[in-house]
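Structure first, then comments.
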Amino acid sequence: MIKQIQWFPGHMFKSLREIREKIKLMDIVIVLLDARLPFSSMNPELKKIISHKPVILLFNKMDLSDQSVLSHWMTHYQHEGYQTLKIDAQTGKNTQKIHPLAQEVLKEKLTREKNKGLKERPIRTMILGIPNVGKSTLINQLSKSSATKTGNTPGVTKAQQWIKLSDQFELLDTPGVLWPKFDDPKVGYHLAITGAIKDKILPEDDVVSYALNFMKTHYPKRLEERYGIKGDLSYVDMLDTIGRLRGCLLKGNEIDYQRVYHIILTDIRGKQLGGLSFDRLEHVSV
Ligand code: G4P
């Protein structure tokens, strides 16, 4: 059974208000989504606020996602008019493509400025995303990117409210935290499974139950390969199978379920079960 969760609408409205106030100052808005959660890591209210601005959607943690599902989502968002790019902010894969893409999107504006005799300048932006999606990791990558090319001292310089990331971007000095919105309880589970929301918000047992049943439906082969789970086992039978396989036993040969939960969530959040995607286009009304 999927439970409804309490969330923090106060935080969400505060951050959306801040974004609305600052949006005028941006050349372009960068929204960082979790490649495994292209729907759950987006905020529908944000879409309205940014609708009149150039936007790049970055799908971060591509290394952890299911590439074929991700490519469907990217096409979906492209049809909605967004520029999209998948990246891995941790290793820096594709992050060097962000600036050229932003320049391309802003070509007319930048050419106009050049024709007026204005000198080339960094692109003003804001990096928005839900907690833990990789904002700081990306900012670190971007602050390194052109320093190696130019031989300048790498890093971040701060002028008033803008943070200069190398010579490519100027970032507004706000946390950029975007609170997810989950009227749909599935969104809450998907955020919990990937670790975007703290483990305490939803009961762990519910999260693991949702996760294992999801894996059984969408990735049965991976369950078989990693844990030897075959066929239509019940949730408890799946837990017991994993517990015995991994020696998660208490005195009297009882299964230590807490340890089993931990193993499952760690495997799902890492790469041990291969690339996974939790949001499915066919399951959400977008
Ligand atoms: P935030 O500022 O948006 O809150 O996120 P942050 O950069 O702190 O990143 C959260 C975690 O996600 C970090 O892991 C970071 O290394 C990881 N991460 C960011 N980008 C990627 C990516 O493209 N691929 C992978 N695999 N991981 C990425 P952490 O430091 O281990 O933190 P945690 O996992 O203990 O929360």
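The model shown is predicted, which means the values in this text are computed figures rather than measured ones. Atoms within a ligand are numbered from 1 in the order they appear, just like the ligands themselves. By convention here, the first residue in the shown sequence is residue 1.
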Of all the non-hydrogen atoms in the protein, which one sits nearest to atom 12 (O) of ligand 1, and at what distance?
K61 NZ, 3.1 Å
Which is it for E45 and K48 under the salt bridge (Lys or Arg N to Asp or Glu O under 4.0 Å) test, yes or no, and what are the steps along the way?
CA-CA 5 Å; E45 301 297 324; K48 293 183 210 156; 3.4 Å; yes
Nearest-neighbour protein heavy atom for atom 14 (O) of ligand 1, which is reported as residue plus atom name and distance
Q90 NE2, 4.7 Å
Any salt bridge linking D184 with K186? Criterion: basic side-chain nitrogen under 4.0 Å from a carboxylate oxygen.
no
Shortest protein heavy-atom distance from atom 1 (P) of ligand 1, along with the residue and atom involved
K135 N, 3.5 Å
Salt bridge check: are K14 and E18 linked by an N-O gap of less than 4.0 Å?
yes
Top protein contact for atom 10 (C) of ligand 1, by heavy-atom distance:
N132 OD1, 3.2 Å
For the pair W73 (side chain) and F59 (backbone), establish whether a donor and an acceptor sit closer than 3.5 Å, ignoring hydrogens and angles.
no
In terms of side-chain geometry, is the basic nitrogen of D232 or K216 positioned less than 4.0 Å from the acidic oxygen of its partner?
yes
Checking the N or O distance criterion of under 3.5 Å, is ligand 1 in contact with P131?
no
Who's the nearest protein heavy-atom neighbour of atom 22 (C) of ligand 1, and how far?
D88 OD1, 3.3 Å
Please report which non-hydrogen protein atom sits nearest to atom 20 (N) of ligand 1, along with the residue it belongs to and the distance in Å to one decimal place.
N60 ND2, 3.1 Å
Protein heavy-atom contact under 4.0 Å for atom 7 (O) of ligand 1?
yes
Proximity to ligand 1 by part of D63, non-hydrogen separation under 4.0 Å
side chain
In short, T241 meets Y227 closest at the heavy-atom pair CG2-O, 3.7 Å
Which label fits F278 and H190: parallel for a plane angle under 30°, tilted from 30 to 60°, or perpendicular past 60°?
tilted
Would you check if the side chain of E113 reaches a backbone N or O of L118 as a donor-acceptor pair within less than 3.5 Å?
no
Side chain or backbone, does I87 bring an N or O within less than 3.5 Å of an N or O on ligand 1?
no
In the complex you have, is atom 29 (P) of ligand 1 within reach of the protein, judged by whether a heavy-atom distance drops under 4.0 Å?
no
Indicate the atoms forming the closest heavy-atom contact of S277 with D66, along with that distance.
OG-N, 3.1 Å
Which protein non-hydrogen atom lies closest to atom 13 (C) of ligand 1, naming both residue and atom, and how far is it?
T137 OG1, 4.6 Å
Can you find a protein heavy atom closer to atom 33 (P) of ligand 1 than 4.0 Å?
no
Heavy-atom nearest neighbour in the protein, as seen from atom 2 (O) of ligand 1, with distance rounded to 0.1 Å:
S136 OG, 2.5 Å
Just let me know how T91 lines up against ligand 1, side chain, backbone, both or neither, with a heavy-atom cut-off below 4.0 Å.
neither
Quick one: does L64 get an N or O within less than 3.5 Å of an N or O on ligand 1?
no
Given L281 and F39, is the side-chain contact (heavy atoms from CB on, under 4.5 Å) satisfied, shown in steps?
CA-CA 8 Å; L281 260 171; F39 178 75; over 6 Å; no
